[in-house]
> 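Encoded as structure tokens, here's the structure I'll be asking about.
Everything quoted here is computed from the prediction, not taken from an experiment.
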Protein chains: 2
Amino acid sequence: MRFLHSTLGLVVLTKDILGEGKCSLKFQAVDIGKAASAATLIFEALRKAIVEGDLVEGEALRQDEIARRFNASRIPVREALTMLEQQGLVKTERYKGAVVAGLSLGEADEIFEFRALVESEIIGRAVPKMTDRILQDARGYFEDFRNSKDPMAWGDLNRNFHWTLYSASELPFYLGVIDNAMNRIERYLRTQLVMSGENERANAEHLAILEACETGDAQRASELTRAHILGAKASLRLHMPQSGA
Amino acid sequence: MRFLHSTLGLVVLTKDILGEGKCSLKFQAVDIGKAASAATLIFEALRKAIVEGDLVEGEALRQDEIARRFNASRIPVREALTMLEQQGLVKTERYKGAVVAGLSLGEADEIFEFRALVESEIIGRAVPKMTDRILQDARGYFEDFRNSKDPMAWGDLNRNFHWTLYSASELPFYLGVIDNAMNRIERYLRTQLVMSGENERANAEHLAILEACETGDAQRASELTRAHILGAKASLRLHMPQSGA
DNA sequence: ATAATGTATTTTGGATCCAATTCGCAATGC
DNA sequence: GCATTGCGAATTGGATCCAAAATACATTAT
């Protein structure tokens with residue numbers, strides 16, 4: 001924050017946006033270059049639908065139909081589909097189009113084990129960097145999750161809780177990889193969270209993780225996170241129908 | 001293998017391709033659906049050029065020029081660029097095009113640490129599954145690397161050596177993530193391998209890793225791999241010029 | 001009736017065309 | 001002289017058009 005004299009003789013209080021102090025404007029500026037393209041909007045909408053399970057495994061994604069529904073041409077749709085394919089959320093075969101990708105039991109197991117390895121490392125390195133603000137936010141999401149009666153909201157609240165803690169790690173590469181891994185299995189986790197007892201177990205484990213973070217016990221937070229994820233893996237093994245590739 | 005009577009009265013020896021035994025053909029069949037599209041070919045060519053450092057950080061990738069060089073339209077080029085962006089190899093800004101992405105020192109450090117964590121896990125789980133064939137192949141790449149006088153080949157040979165050992169793990173998700181992580185830093189590793197002493201050090205460490213695998217000591221192979229990667233990180237920290245965000 | 005073949009429709013991949021934005025540079029005003 | 005403005009070229013994002021392949025369906029021969 002600085003005081004500036006404008007050319008109109010007014011003294012204005014302004015934030016120095018976009019780095020340079022050359023141009024003093026009296027309004028909030030946004031980087032218009034970040035405006036979403038049609039392809040990005042379609043990509044995000046389709047990703048959300050797949051991650052949340054609205055588009056089910058094996059379902060064909062017709063370019064023409066998607067283009068009509070978004071009132072766009074097929075070009076941005078194809079761009080969105082290539083993005084989804086790079087993330088492993090759809091599988092494409094030449095001249096046959098894209099279908100929503102599924103996971104076999106073995107693939108799901110592998111992703112859970114991967115998450116256990118990487119997320120335990122992330123949270124262990126995040127604990128020393130957690131501010132009070134982050135711990136408060138995490139506790140908020142923890143309580144939202146515990147109090148929520150809406151099964152459709154559990155997936156997001158669960159993810160918000162973990163993500164808030166992880167964000168303190170300042171490890172963007174790790175976080176990007178984990179974000180992708182989460183997207184791949186979230187569908188199955190959501191169905192699993194509504195199973196009997198799973199919700200309560202998750203809650204108890206969340207509380208233990210949160211308390212370890214609050215007391216600054218990185219080692220314990222790491223081990224609890226590892227157990228939390230491997231427990232979800234074992235639980236899914238019992239409930240998950242044989243499916244996928 | 002089975003003996004079949006063809007409609008021409010000939011007895012032919014054939015492999016049962018593609019599952020069904022209904023159609024008896026006297027030649028090797030390939031799945032034509034796997035033929036590469038123009039977009040894939042362009043993507044792979046550009047990725048190779050970026051990974052090997054032929055396209056340097058910050059360099060702009062003009063759709064029109066690339067399209068001309070591949071004798072194609074801009075459509076498959078744009079598809080290739082979106083794939084590269086998803087892999088973090090280029091950065092795109094709306095209406096400004098794609099530029100080759102670079103790594104800051106901090107980002108490179110993070111990727112090295114990530115690799116140390118994940119690859120040590122991979123090789124630890126791979127050791128019990130390594131066949132004689134895999135160990136022989138790995139030794140072959142090790143010796144190729146040791147004997148090669150061509151610095152341009154070192155990058156590939158180094159990667160082949162590690163990849164052969166990792167492939168025994170049967171962890172495709174882990175391997176996909178690591179493949180991507182390797183692509184992001186290979187440019188810097190290549191320049192580093194030609195530095196004084198780095199080549200010899202890598203060789204000695206490779207030999208130790210290989211011997212641990214041959215003796216079935218998973219724990220030791222894991223620790224040596226971790227040290228090998230963290231050593232490369234420390235070395236790069238000394239040699240790498242301050243660059244790219 | 002059934003299996004094989006031929007044909008029409010659907011769908012994808014790629015080329016071409018158009019609009020919107022950025023960039024380079026000259027012209028202008030202070 | 002230097003910052004600002006206005007235009008034209010270069011470049012990207014998206015729409016439309018066309019060719020190639022796949023799928024569905026009708027036809028034919030056995």
> Both A:Ile32 and A:Thr92 contact DNA chain C. Taking the nearest nucleotide for each, which residue is further toward the 5' end?
A:Thr92

> Can you measure A:Asp64 atom CG to D:dA22 atom C1' for me and round it to whole angstrom units?
16 Å

> When you check the gap from the basic side-chain N to the acidic O, do B:Asp179 and B:Arg159 get nearer than 4.0 Å?
yes

> Mind calculating the distance between CD (B:Glu93) and C1' (D:dG13) to the nearest angstrom?
15 Å

> Is A:Glu113 salt-bridged to B:Arg125, going by a charged N under 4.0 Å from an acidic O?
yes

> Give me the distances for all protein-to-nucleotides 14-17 of chain C N/O pairs that come in under 3.5 Å?
unit_1 : atom_1 : unit_2  : atom_2 : d
C:dG14 : OP1    : B:Ala38 : N      : 2.7
C:dG14 : N7     : A:Arg78 : NH1    : 2.9
C:dG14 : N7     : A:Arg78 : NH2    : 2.9
C:dA15 : OP1    : B:Ser73 : N      : 3.4
C:dA15 : OP2    : B:Ser73 : N      : 2.7
C:dA15 : OP2    : B:Ser73 : OG     : 2.4

> For a quick check of understanding: with a heavy-atom distance under 4.0 Å over all strands, which category does A:Leu81 fall into, base, sugar-phosphate or nothing?
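Nothing, no heavy atom under 4.0 Å.
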
> Name all residues meeting the salt bridge (Lys or Arg N to Asp or Glu O under 4.0 Å) criterion together with A:Arg237; count only those two or more places apart in sequence or in a different chain, and write none if there are none.
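Here the qualifying residues are A:Asp109.
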
> Output yes when at least one side-chain N/O atom of B:Gln63 is less than 4.0 Å from OP1 or OP2 of D:dG13, else no.
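Answer is yes, contact under 4.0 Å.
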
> Considering the options B:Ile111, B:Val51, B:Leu236, which one meets the side chain to side chain contact (heavy atoms under 4.5 Å, CB included) requirement together with B:Ile185?
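Per the side chain to side chain contact (heavy atoms under 4.5 Å, CB included) rule, the option paired with B:Ile185 is B:Ile111, out of B:Ile111, B:Val51, B:Leu236.
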
> So, is the end of the B:Arg184 side chain (NZ or CZ) under 6.0 Å from the ring centre of A:Phe173 and within 45° of the ring's axis?
no

> Round to a whole Å and report the spacing from CG of B:Asp31 to P of D:dA21.
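Value for this atom pair: 14 Å.
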
> Let me know the distance between NZ of B:Lys96 and P of C:dG24, rounded to the nearest Å.
11 Å

> Please list, chain by chain and in numerical order, all residues satisfying side chain to side chain contact (heavy atoms under 4.5 Å, CB included) with B:Ser148, sequence neighbours excluded.
B:Asp150, B:Ala153, B:Trp154, B:Leu157

> Round to a whole Å and report the spacing from CD1 of B:Ile42 to P of C:dG13.
14 Å

